[in-house]
Amino acid sequence: MRPRALVTDGLWRKSLSVIRSLGKAGYDVTVSGDSLFTTGFWSRYTGHRLRTPVGEGLLRELRRNPGAVVFPMEDATLAWVSANRARLEPYARLLLPAHERVVAALDKASTLATAGELGLPVPRTWAPTGPEELTRLVTGLEPGTFVVKPRSGRGSAGVAYAGNSWARHWENYGPLLVQERIPAEGRGLGVGALLDARGECAAVFAHERLRQYPVSGGPSTDRRSILAPRLVELSLRLLRRLEWRGVAMVEWKADPRDGQPKLMEINPRFWGSLELAVRAGVDFPLLYARAARGEQLGPPPRYREGVRCRWMIPGEILRFLSEPDREPLRLFFQGLPGLAEEWDRSDVRGLAATVVCTGVNALRPRYWRYIRRRG
């Protein structure tokens, strides 16, 4: 019998990467989504479609067809799966840390506090208890030297560099923190890792951002693999303190003032630029599935340095159109279609679905909130 997997949130590009990876490895893949315009539904590697939002529908499917490795792809899905782990485990294969560790990783203030205890480089951060304290903190700081952001959530949603109605901002985005602003020219860096059920590192991968959308701060649209042993060491130290299991991506930003990378946050699930790691030689989806099934994995695989991968639809297109000093068209199209993460010669249906579903979903506010995240 073929091994089985259930990939949630099939609309997103990282989910398509997981679907393709598992399908090529012989897995029978079920994809969940909330509409027919879920991109992952149409990949040639998708065996079954599950039209249901995250929640009880997911549990019912696993009861009907037990034994699948579950891939919770989004923060909300991860939080639900983690909170309902005891109900899911009789029917599913999971590789997750304890629930309190998931909650801590989703909270930027908690993550940065843990990193500070370890002596890792972090921006100065304050976690006010309410809008009044937030207002007092911000009033005492020099404009342009700080950023206000939600304690939970990803990317540019709720991020503010100035304002005069912090009470309303708190009401709209929930608990906020104040953080020292790292200059925009600092390099964005990321370390993806997989820790097995014993907490051993089964895979690790580092990359740097080359471009992003929105250009002021959002998910990467162009990135390349790098070798960064020191950054890997720091990231694994943090994940081990959290007693992490499964996948996570630790985000850093190099501070041009002192050359030190500063911790930004943890993505405690599969990340937006996942396809780059797969193409460079670290097949995180397959390794995660094998680890969740209890297989013994060897040492972390080596990967190729300098591999590039671009999120074209719509990321790079929007980035190009919004750049005030955009590059010539010949440079924009250089390396395509091979550099596009959507491109896979064995899955033309997946590419076509990316174009069509992106066009349809562009009418939905939820989609625009997603593409402005850091991934």
Side-chain angles (χ1 to χ4, degrees), residues 7-20 31-46 49-54 71-77 150 153-160 172-173 188 209-223 267 269-276 309-324 326-327 329 331-333 335-344 347-375:
V7 181
T8 72
D9 306 287
L11 175 62
W12 311 121
R13 53 201 173 95
K14 62 189 174 187
S15 302
L16 183 59
S17 293
V18 172
I19 294 162
R20 287 169 167 171
V31 180
S32 75
D34 58 7
S35 82
L36 282 176
F37 295 101
T38 296
T39 308
F41 278 178
W42 306 104
S43 169
R44 65 164 287 192
Y45 295 108
T46 295
R49 301 168 187 156
L50 179 63
R51 286 277 302 276
T52 183
V54 173
F71 286 75
M73 299 300 295
E74 285 286 274
D75 287 350
T77 309
R154 298 284 176 256
S156 57
V159 174
N172 290 338
Y173 294 101
R209 292 163 166 256
L210 300 177
R211 299 181 186 272
Q212 60 189 9
Y213 178 81
V215 294
S216 59
S220 65
T221 60
D222 190 2
R223 52 309 239 207
N267 282 330
R269 35 80 183 158
F270 287 97
W271 49 96
S273 57
L274 174 64
E275 180 66 17
L276 172 62
C309 187
R310 300 170 70 188
W311 169 34
M312 294 300 303
I313 305 171
E316 270 284 81
I317 295 171
L318 292 173
R319 190 275 310 164
F320 177 79
L321 294 175
S322 65
E323 287 273 17
R326 62 184 69 124
E327 68 270 26
L329 269 176
L331 294 181
F332 177 76
F333 287 110
L336 297 178
L339 290 182
E341 67 177 29
E342 300 87 354
W343 170 252
D344 187 321
D347 187 22
V348 177
R349 281 170 45 184
L351 173 62
T354 299
V355 176
V356 174
C357 295
T358 297
V360 172
N361 284 296
L363 304 175
R364 303 168 64 192
R366 178 191 172 205
Y367 186 79
W368 290 100
R369 287 196 300 270
Y370 174 82
I371 64 171
R372 288 184 171 91
R373 301 177 345 166
R374 293 194 192 280

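Computed from a predicted structure; not experimentally measured.
In this structure, Trp42 contributes its side chain and Leu351 its backbone to no donor-acceptor pair below 3.5 Å. Under a 3.5 Å cut-off, the side chain of Thr8 and the backbone N or O of Phe71 do form a donor-acceptor pair.
The line from CG of Leu50 to CG of Asp34 is 11.0 Å long, rounded to the nearest 0.5 Å. With values rounded to the nearest 0.5 angstrom, Asp9 atom CG is found 3.5 Å from Thr77 atom OG1. The CG atom of Leu321 sits 7.5 Å away from atom CZ of Phe332, with the distance rounded to the nearest 0.5 Å. The CZ atom of Arg319 sits 7.5 Å away from atom CG of Asp222, with the distance rounded to the nearest 0.5 Å. Atoms CZ and CD, on Phe270 and Glu74 in that order, are 12.5 Å from each other to the nearest 0.5 Å. Taken to the nearest 0.5 Å, the OG1 atom of Thr38 stands 7.5 Å off from the CZ atom of Arg51.
Taking the side chain as every heavy atom from C-beta outward, Thr39 and Trp12 never approach each other to under 4.5 Å.
Taking the ring axis of Trp311 as reference, the NZ or CZ atom of Arg211 does not stay both within 45° of it and closer than 6.0 Å to the ring centre. For the pair Arg326 and Phe320, the cation sits on the ring face: its NZ or CZ lies under 6.0 Å from the ring centre, inside 45° of the axis.
In this model, a donor atom of one side chain and an acceptor atom of the other lie less than 3.5 Å apart for Ser43 and Asp347.
Contact record, Thr221 with Glu316: OG1-OE1, 2.8 Å, taken as the closest heavy-atom pair. Residues Phe41 and Ser35 come closest through the heavy atom pair CE1-O, 3.2 Å. Shortest non-hydrogen contact noted between Phe37 and Leu11 is O-CD1, 3.5 Å. Across Glu275 and Ser17, no two heavy atoms sit closer than the pair OE1-OG, 2.8 Å. Of all the heavy atoms in Thr46 and Gly40, the pair that sits closest is OG1-O, 2.6 Å. Summarising the geometry of Val31 relative to Gly10, their closest heavy-atom pair is CG1-CA, 3.7 Å, with the distance given to 0.1 Å.
Every salt bridge (Lys or Arg N to Asp or Glu O under 4.0 Å) that Glu341 has, sequence neighbours left out, goes to Arg13, Arg223.
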**Request:** Please test Arg310 against Leu336 for side chain to side chain contact (heavy atoms under 4.5 Å, CB included), starting from the C-alpha separation and ending with a verdict.
**Result:** CA-CA 9 Å; Arg310 300 170 70 188; Leu336 297 178; 4.0 Å; yes
